Structures are given as structure tokens and as C-alpha cells.
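Encoded as C-alpha cells, the structure appears first; notes follow it.
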Amino acid sequence: MNREQVIEMYQHVLERKRKRFPNYFFVGEEGKKYMSYMTCYLLEQRLSIPIHEIPLQVTAGTLWSHRLKPPALLYGWNYYEVIDNAYPGRFKAWQFQQVPDKYWDGEEGKKRAIEAVKYVIEEKLKIPLKEIPIQVNIHFFNQHSLGGVFSLFGQSPFQVVEAVYPGVFKPWQFAHVPMNCWKNEEYIQEAMDDFLFKQLHFSSHKEAFFRLKGTHFTDFQLTGLFQMAFDSRMNNVKEWIKKQLTDMDKQSLYIDLD
């Protein structure tokens with residue numbers, strides 16, 4: 001049967017002019033081709049869904065309520081596989097509002113999660129590597145239908161990115177810092193060194209001691225560091241800086257203070 005004949009038969013089934021499809025109608029590769037014709041017709045013509053909006057508008061209920069569940073079951077397909085048969089490679093399963101059951105489960109699910117995040121970062125949004133900690137936040141996962149991935153990694157942007165780019169970033173670089181990050185002395189040291197010398201461009205701890213202000217933490221979105229590591233007190237920050245000074249820096253500081 002050609003495409004027009006298949007669609008006409010499908011219309012008759014939908015309009016109940018026929019009770020069901022003929023026996024063996026969906027057998028083999030020919031049957032899969034018929035399914036493709038019917039799916040494209042349903043979504044694009046009967047429901048008038050623009051192709052690029054299919055992931056946003058189509059759920060399992062959309063297909064099953066239009067008599068596509070019985071043939072899908074013959075192939076053991078979920079609703080995404082029906083769509084992928086009609087639009088091969090056009091969409092990713094995670095782009096849909098309703099991700100197939102157990103899609104993120106187990107090691108295979110974790111691999112899919114990593115591939116999905118990597119695709120959005122590198123292909124869809126083309127985020128420069130250095131901007132990943134800024135742009136990959138809670139909203140990133142909501143906006144790109146990656147809520148399942150976010151849950152899979154304990155709702156931590158850092159843990160997700162660490163899985164995609166192992167060892168490239170530090171947890172303190174992210175807007176949503178992981179719990180207990182600022183109780184780790186090593187992370188505090190790394191974050192402060194980056195803050196003082198790479199972002200504020202101080203030449204030494206001595207200069208930082210005299211010039212650093214509490215507003216700097218706000219300006220550079222490091223209020224969490226200021227609050228959790230230093231109890232929001234500049235005196236505590238100054239004490240920390242003093243500990244970092246070399247013996248010579250300390251001696252110079254004491255002289256200047258006198």
C-alpha cells in the first residue's frame with residue numbers, strides 16, 4: 001500500500017468506519033513504514049502540531065488516544081519509539097515532557113544522562129567551558145527538560161557537571177554550591193585564592209588584607225562563602241588572610257599596623 005492508502009485506512013479507523021486494522025497489517029518493515037505514515041499524518045495534519053514542537057506537545061496519551069497503542073505493542077515500543085520510527089534521529093527521548101519509563105535507571109540511564117547534558121551544553125547552547133559553572137544551574141535543568149537528570153545526581157549542578165567533565169571544575173565555582181562545601185578547608189583555600197588573585201587581582205595577601213571589603217563577596221556572587229565560611233564577618237576574613245601570610249608578610253603587616 002502507498003502512503004495515501006495507508007492514511008485513508010487510518011482515517012477510517014479513527015472515524016470508526018472500520019473497527020480495526022487488517023490482520024498482519026503491521027508485520028515486518030512494511031508495517032513499521034505504515035506506522036511512520038500514520039504517526040506523521042496524525043501529528044502534522046490531523047493535530048496540526050509543528051514538527052519542532054512535537055516534544056513539547058506530544059505525550060503517550062496523544063498517540064494512544066488515536067489508536068496507535070495496539071500496533072506499538074506489537075513491536076514492544078513505548079510512545080517515544082513510535083515517534084522515533086516516524087522521525088528517525090530527529091528527537092532525543094529526554095526532550096519530551098514525558099520521558100519513557102525507567103529511561104534514567106541504572107548505568108545505561110546514567111550514560112544517557114551524561115550524553116543529554118553534554119549535548120545541551122555543547123551542541124544546543126554552545127556554552128564556553130569557562131561559563132559552565134555559571135550557566136548550568138537549577139533553571140538550566142528545568143528549561144531543557146532535564147529534571148530527571150537533576151534528580152539522578154542528587155539535585156546538584158556540580159555533581160551533574162562532574163559526571164560530564166570529571167575533574168574539570170570545583171564545587172565552589174557553581175552558583176548553587178553543594179552542601180557542606182564551605183566546611184572544607186581546601187575548598188575555602190581554593191575559592192579565596194581564586195577570588196583574591198584572579199577575580200580581584202590583588203598582588204598579595206597583604207594587599208588583600210587592606211583592600212578587601214564585604215561588598216566584594218556580593219559583587220562576585222560569593223555570599224555563600226562569606227556567610228558559611230566566615231559567618232558574614234570581615235574580622236573573620238581578615239584573620240584568615242593573616243594566616244596565609246608568609247613570615248615576611250606578617251612582619252611587614254605588623255610594622256604597617258604599628
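Source: prediction; values computed, not measured.
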Interatomic spacing from [atom1] in [X] to [atom2] in [Y] - rounded to 0.5 Å:
X	Y	atom1	atom2	value
Thr62	Ile54	OG1	CD1	10.5 Å
Gln227	Leu222	CD	CG	11.0 Å
Ile7	Tyr37	CD1	OH	9.0 Å
Lys17	Met9	NZ	CE	13.0 Å
Arg67	Arg18	CZ	CZ	10.5 Å
His66	Arg46	NE2	CZ	6.5 Å

Can you check whether [X] reaches [Y] side chain to side chain, under 4.5 Å on heavy atoms?
X	Y	value
Thr59	Phe96	no
Leu68	Tyr10	yes
Ile49	Glu44	no
Ile241	Lys206	no
Lys183	Met228	no
Pro157	Phe150	yes

Subject >> Pairing residues for Glu239 by the salt bridge (charged side-chain N to carboxylate O under 4.0 Å, His left out) criterion, not counting sequence neighbours >> reply: Lys242
Original post:
Glu190: what forms a salt bridge (charged side-chain N to carboxylate O under 4.0 Å, His left out) with it, not counting sequence neighbours?
Top reply: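 Salt bridge (charged side-chain N to carboxylate O under 4.0 Å, His left out) list for Glu190, sorted by chain: Lys170.
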Apply ring pair (Phe, Tyr, Trp, His ring centres under 6.0 Å) to [X] and list each qualifying residue two or more places apart in sequence or on a separate chain.
X	value
His144	Phe140
Phe153	none
Phe21	Phe25, Phe26

**OP:** Decide yes or no on side chain to side chain contact (heavy atoms under 4.5 Å, CB included) for Trp240 and Ile188, but give the supporting numbers first.
**Re:** CA-CA 10 Å; Trp240 183 90; Ile188 294 172; 4.0 Å; yes
**OP:** Report the C-alpha distance between Thr39 and Asn85 in whole Å, list the side-chain angles of each, state the deciding distance to 0.1 Å, and finish with yes or no for side chain to side chain contact (heavy atoms under 4.5 Å, CB included).
**Re:** CA-CA 9 Å; Thr39 305; Asn85 174 66; 5.5 Å; no
Check: [Y] main-chain N/O paired with [X] side-chain donor or acceptor under 3.5 Å:
X	Y	answer
Asn236	Asp231	no
Arg233	Asn235	no
Glu81	Asn78	yes
Ser36	Lys32	no
Gln5	Asn2	yes
Gln135	Ile127	no
Tyr80	Val99	no

Subject >> Of all pairs that satisfy side-chain hydrogen bond (donor to acceptor under 3.5 Å, both in side chains), the ones with a partner from residues 92-113, not counting sequence neighbours >> reply: none
**OP:** Could you name each residue pair satisfying side-chain hydrogen bond (donor to acceptor under 3.5 Å, both in side chains) that touches residues 211-222, not counting sequence neighbours?
**Re:**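 The answer is Glu207-Arg211.
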Original post:
Among Phe195, Phe210, Phe197, which residue meets the ring-ring contact (aromatic ring centres under 6.0 Å, His included) test with His205?
Top reply: Phe197
Subject >> Distance flag, aromatic centroids of Phe174 and Phe158, threshold under 6.0 Å >> reply: yes
Suppose we screen for side-chain contact (heavy atoms from CB on, under 4.5 Å). Which residues come up paired with [X], at least two apart in sequence or across chains?
X	value
Asn184	Glu186, Tyr187
Lys19	none
Leu73	Lys69

Answer with yes or no whether the hydrophobic clustering places [X] together with [Y]; edges join I, L, V, M, F, W, Y residues whose side-chain heavy atoms lie under 4.5 Å apart.
X	Y	value
Val120	Ile134	no
Trp172	Phe169	no
Tyr87	Tyr119	no
Leu74	Leu63	yes

Original post:
Regarding Gln11 and Tyr41, is there a side-chain donor-to-acceptor distance under 3.5 Å anywhere?
Top reply: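 Short answer, yes.
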Subject >> Intermediate values then yes/no, side chain to side chain contact (heavy atoms under 4.5 Å, CB included), Leu225 and Phe217 >> reply: CA-CA 8 Å; Leu225 170 63; Phe217 288 93; 4.0 Å; yes
Original post:
Which residue pairs pass the salt bridge (charged side-chain N to carboxylate O under 4.0 Å, His left out) test when at least one of the two sits in residues 113-126, sequence neighbours left out?
Top reply: Lys118-Glu122
Original post:
Residues in side-chain hydrogen bond (donor to acceptor under 3.5 Å, both in side chains) with Arg3, at least two apart?
Top reply: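 Per chain and number, Arg3 pairs via side-chain hydrogen bond (donor to acceptor under 3.5 Å, both in side chains) with no residue.
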**OP:** Go through Tyr165 and Ile121 one step at a time and tell me if the side chain to side chain contact (heavy atoms under 4.5 Å, CB included) criterion holds.
**Re:** CA-CA 11 Å; Tyr165 305 98; Ile121 290 173; 3.6 Å; yes
